[in-house]
Every structure is written in structure tokens, then in C-alpha cells.
Amino acid sequence: MATTTLTPGHLHIRFTAGERMWTRRQQLTVPLTAVRDVTTVAEPLRLARGARSGLTVSGFVKIGTWGIFGGPRQLVSARAGQPGLHLTVDRTATGYDEILLSDPTAPTIAAAIRHAT
């Protein structure tokens, strides 16, 4: 599962070795100024939509990039049964319109991001 770290001005997302193959990146640093909205979601798997480049095990896991041919471009690392973060971000700063992550501490991270922005 991807790990998130919040530092002054940035959200750092580090992917596991298995996720790196599907996300094609080791990490992503999101400037907090690029965050347009952050919400917690009970089932982040349901929000990934569109054509994808990544791994899907229906109902269990989604990892990779969704929306590659149109619609919002989403970076996804989501697993069933775990709460998650849904970030709407500035595409010019991150390369994505949305980021969906499973994280057991999602409510705490979302509150910290809201407080920092």
C-alpha cells in the first residue's frame, strides 16, 4: 500500500515495489497549493473510471492510471475494505486531475491537508 507523508507545503506519496510496476513511478510529490479538494471515501475503488493503464482485480484492487483516453486522469492505488483519500489536484503541477489512495489514516491526512491549505 502506498504511504503518504505530509510535510510543510507538500504531500509525498511513496509506492511499494509492486505498485511501482503499475504506477510507473516510485513516488509523487504534490504541492499543497495544487490541491483543489480533498475528501475521505469509504470505497475508493468505486471512483476509478475510464480506460486504464494498470492492474485491476475486480472488487479487490486497482493500481495505475485511469482516464488515459479522456475524462479526468486519475492516479490510483486502492484496495477493498480500506478507507481512502480522493484528491482533486491541478494537472499542470502533478500530471493528474485526481489521486485515489487507500490509507487507513485517511481522515487524519485529509484534515491535515485542509488545515494546511
Practice prompt. Starting from the C-alpha separation in whole Å, work towards a yes-or-no answer on side chain to side chain contact (heavy atoms under 4.5 Å, CB included) for Val35 and Leu11.
Written response: CA-CA 9 Å; Val35 176; Leu11 174 66; 5.8 Å; no
Worksheet entry | Pair Ser77-Lys62, side chain to side chain contact (heavy atoms under 4.5 Å, CB included): steps then yes or no | CA-CA 6 Å; Ser77 177; Lys62 292 181 180 178; over 6 Å; no
Practice prompt. Run the numbers on Ile63 and Val76 for side chain to side chain contact (heavy atoms under 4.5 Å, CB included), then give the verdict.
Written response: CA-CA 5 Å; Ile63 303 169; Val76 179; over 6 Å; no
Practice prompt. I would like to know whether Leu75 and Phe15 meet side chain to side chain contact (heavy atoms under 4.5 Å, CB included); could you show each step before the answer?
Written response: CA-CA 11 Å; Leu75 177 63; Phe15 298 99; 3.6 Å; yes
Worksheet item: After noting the C-alpha distance and the side-chain angles of His86 and Glu98, does the key distance pass the side chain to side chain donor-acceptor pair (under 3.5 Å) rule?
Response: CA-CA 7 Å; His86 178 206; Glu98 299 177 2; 3.2 Å; yes
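A continuous path of Ile, Leu, Val, Met, Phe, Trp and Tyr side chains, each step under 4.5 Å between heavy atoms, connects Ile109 with Leu6, placing both in one hydrophobic cluster. Taking hydrophobic clusters as Ile, Leu, Val, Met, Phe, Trp and Tyr residues chained together by side-chain heavy-atom distances below 4.5 Å, Val38 does not share a cluster with Leu100. Follow the hydrophobic side-chain contacts under 4.5 Å out from Leu28 and you reach Leu87 in the same cluster. The hydrophobic clustering, which links ILVMFWY residues whose side-chain heavy atoms are closer than 4.5 Å, places Met21 and Phe60 together. Grouping the Ile, Leu, Val, Met, Phe, Trp and Tyr side chains by contacts below 4.5 angstrom, directly or via other members, places Ile68 apart from Leu55.
Between Thr39 and Asp37, the closest side-chain pair of non-hydrogen atoms falls below 4.5 Å.
Residues satisfying the side-chain contact (heavy atoms from CB on, under 4.5 Å) criterion with Gln26, sequence neighbours excluded, are Arg14, Arg20. Here Arg52 pairs with Thr56, Trp66 under the side-chain contact (heavy atoms from CB on, under 4.5 Å) rule; sequence neighbours left out.
Checking Thr4, Thr3, Thr29 one by one against His12, the side-chain hydrogen bond (donor to acceptor under 3.5 Å, both in side chains) holds for a single residue, Thr29.
To the nearest 0.5 angstrom, Ile13 atom CD1 is 9.0 Å from Thr94 atom OG1. A distance of 9.5 Å separates CE of Met1 from OG1 of Thr16, quoted to the nearest 0.5 Å.
A donor-acceptor pair under 3.5 Å is formed between the side chain of Arg36 and the backbone N or O of Thr33.
In this structure, Ala48 and Gln74 approach most closely via the heavy-atom pair CA-OE1, 3.4 Å. Across all their heavy atoms, Phe69 and Ala51 have their closest contact at CD1-CB, 3.4 Å. His10 approaches Pro31 most closely through the heavy-atom pair CD2-CA, 3.7 Å.
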Distance-only criterion, 3.5 Å: show the donor-acceptor pairs between side-chain atoms of residues 78-85 and protein atoms not counting sequence neighbours.
residue: Arg79; atom: NH1; partner: Glu19; partner atom: OE2; Å: 3.3
residue: Arg79; atom: NH2; partner: Glu19; partner atom: OE2; Å: 3.4

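Salt-bridge formation is detected for the pair Asp97/Arg91: a Lys NZ or Arg NE/NH1/NH2 atom is positioned less than 4.0 Å from an Asp or Glu carboxylate oxygen.
Summarising the local packing, CZ of Arg114 is surrounded by more than 12 heavy atoms from other residues, nucleotides or ligands at distances under 6.0 Å.
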